[in-house]
There are 2 protein chains.
Amino acid sequence: MKKKSVINDTPVCQVRMQAISDTMSILSGKWKFHILGTLIEGNKLGFMDLLREIDGIGTKMLSKELQDLEMNQLISRKVMDTKPITVEYSITKYGATLEPLINELASWGINYRQSVHG
Amino acid sequence: MKKKSVINDTPVCQVRMQAISDTMSILSGKWKFHILGTLIEGNKLGFMDLLREIDGIGTKMLSKELQDLEMNQLISRKVMDTKPITVEYSITKYGATLEPLINELASWGINYRQSVHG
DNA sequence: GAAAGCACTTTCCTTGAGGAAACTACGTAA
DNA sequence: TTACGTAGTTTCCTCAAGGAAAGTGCTTTC
């Protein structure tokens, strides 16, 4: 019989572990943080704006990641009634709650770089 | 000629974006946060302890992820002079600086779950 | 001397993430 | 009428992440 875990076998740990998996699954992939970060900085942006802002991303991935983020209510998509139709992507109120997390991620990375090189 | 980005074209944004990529690259994969979280909770743990604590992980991935984390100075590996040799994995001082990030990740996930269901 | 525990490594395999390029569709400006 | 800008979708391809299972080497216990 397999031995049971000790540390992670408390309800609080299970919930925490599950929560981390949830968050990482919602924010999975190479581009989500970049898109969210750009939309937090830039307020309202079109598809082509995002394509230009986010260095290296292609149309397929941008389109797919935007759909994912919209599905999870982190960003909103609004089709504007302009001559060549334009789309406005913006961060939602809920998406904005990720700002502390993104800041933490960024500042940890900056410190890491300094401690490795400096 | 390709238009330039506007929002992300400031040095501070470039640095932030790079920092986020750095952090995510160090903490990439399915298991790093679970391993780090468990070691923060559990202090000193052996290979088999971790295998039991982290639900679903296999020996190959555990071994590989532990090597990654050790290489990046986030955990330390100490071979003990016991009869069947045992190994003590523990979080380093530097690895412990990830605690706020992990907490933020966990609490965001918990809030997300509540706001979706509750 | 057989089994079981520790700590891994190796091999083989599948799936999915992600990139490149082409294509759709509509409207405007030159 | 040709080109450009908007906003994507579709197809094809590759590579790396990750899982399963078996093997390695050592030691202690039954």
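Chain letters run A, B, ... following the sequence lines, proteins first and then strands; every chain starts at 1.
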Between [atom2] of [N] and [atom1] of [X], the distance in whole Å:
X	N	atom1	atom2	answer
Arg52(A)	dG8(D)	CZ	P	13 Å
Asp49(A)	dA7(D)	CG	P	7 Å
Arg77(A)	dA7(D)	CZ	C1'	8 Å
Met24(B)	dA17(C)	CE	P	15 Å
Leu51(A)	dG8(D)	CG	C1'	10 Å
Lys78(B)	dA7(C)	NZ	P	15 Å
Asp68(B)	dA16(D)	CG	P	14 Å
Leu62(B)	dA17(D)	CG	C1'	16 Å

**Study point:** Reading 5' to 3' through nucleotides 18-27 of chain C, protein heavy-atom contacts under 4.0 Å coded B for base, S for sugar-phosphate only, - for none
**Key:** BBB------S
Exercise for review: With heavy atoms under 4.0 Å as the rule, sort Gln67(A) into base, sugar-phosphate or nothing.
Suggested key: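 Answer is sugar-phosphate: Gln67(A) comes under 4.0 Å of backbone atoms only.
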Exercise for review: Just jot down the side chain to side chain donor-acceptor pair (under 3.5 Å) partners of Asp68(B), sequence neighbours excluded, or say none.
Suggested key: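 Side chain to side chain donor-acceptor pair (under 3.5 Å) check on Asp68(B) returns nothing, list empty.
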Exercise for review: Sequence neighbours left out, what passes side chain to side chain donor-acceptor pair (under 3.5 Å) with Trp108(B)? Give chain and number order.
Suggested key: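 Trp108(B) satisfies side chain to side chain donor-acceptor pair (under 3.5 Å) with Thr97(A) once adjacent residues are dropped.
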Exercise for review: Among residues two or more places apart or on two chains, list those pairs meeting ring pair (Phe, Tyr, Trp, His ring centres under 6.0 Å) that have a residue in residues 37-91 of chain B.
Suggested key: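 Found none.
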Check your understanding: Do Tyr112(A) and Phe33(B) belong to the same hydrophobic cluster, where Ile, Leu, Val, Met, Phe, Trp and Tyr are linked whenever their side-chain heavy atoms lie under 4.5 Å apart, directly or via other members?
Key ->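 Shared cluster, yes.
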Exercise for review: Using the rule that two of Ile, Leu, Val, Met, Phe, Trp, Tyr join whenever any of their side-chain heavy atoms come within less than 4.5 Å, decide whether Ile20(B) and Leu36(B) are in one cluster.
Suggested key: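 Looking at the clustering, Leu36(B) is in the same group as Ile20(B).
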Check your understanding: Should Tyr89(B) be listed as having a side-chain N or O under 4.0 Å from OP1 or OP2 of dC6(C)?
Key ->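 Checking dC6(C) against Tyr89(B), no side-chain N or O comes under 4.0 Å of OP1 or OP2.
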Check your understanding: Does a side-chain N or O from Ser63(A) land closer than 4.0 Å to OP1 or OP2 of dT9(D), or not?
Key ->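 Answer yes for this pair, as a side-chain N or O of Ser63(A) is under 4.0 Å from OP1 or OP2.
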Review point. Who else is in the cluster with Met80(B) when I, L, V, M, F, W and Y are joined by side-chain contacts under 4.5 Å?
Key: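 Under the 4.5 Å side-chain rule, Met80(B) groups with nothing.
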Review point. How does the hydrophobic cluster around Val15(A) look, that is, which other residues are in it when side-chain heavy atoms under 4.5 Å mark a link?
Key: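 Via sub-4.5 Å side-chain contacts, Val15(A) links to Ile110(B).
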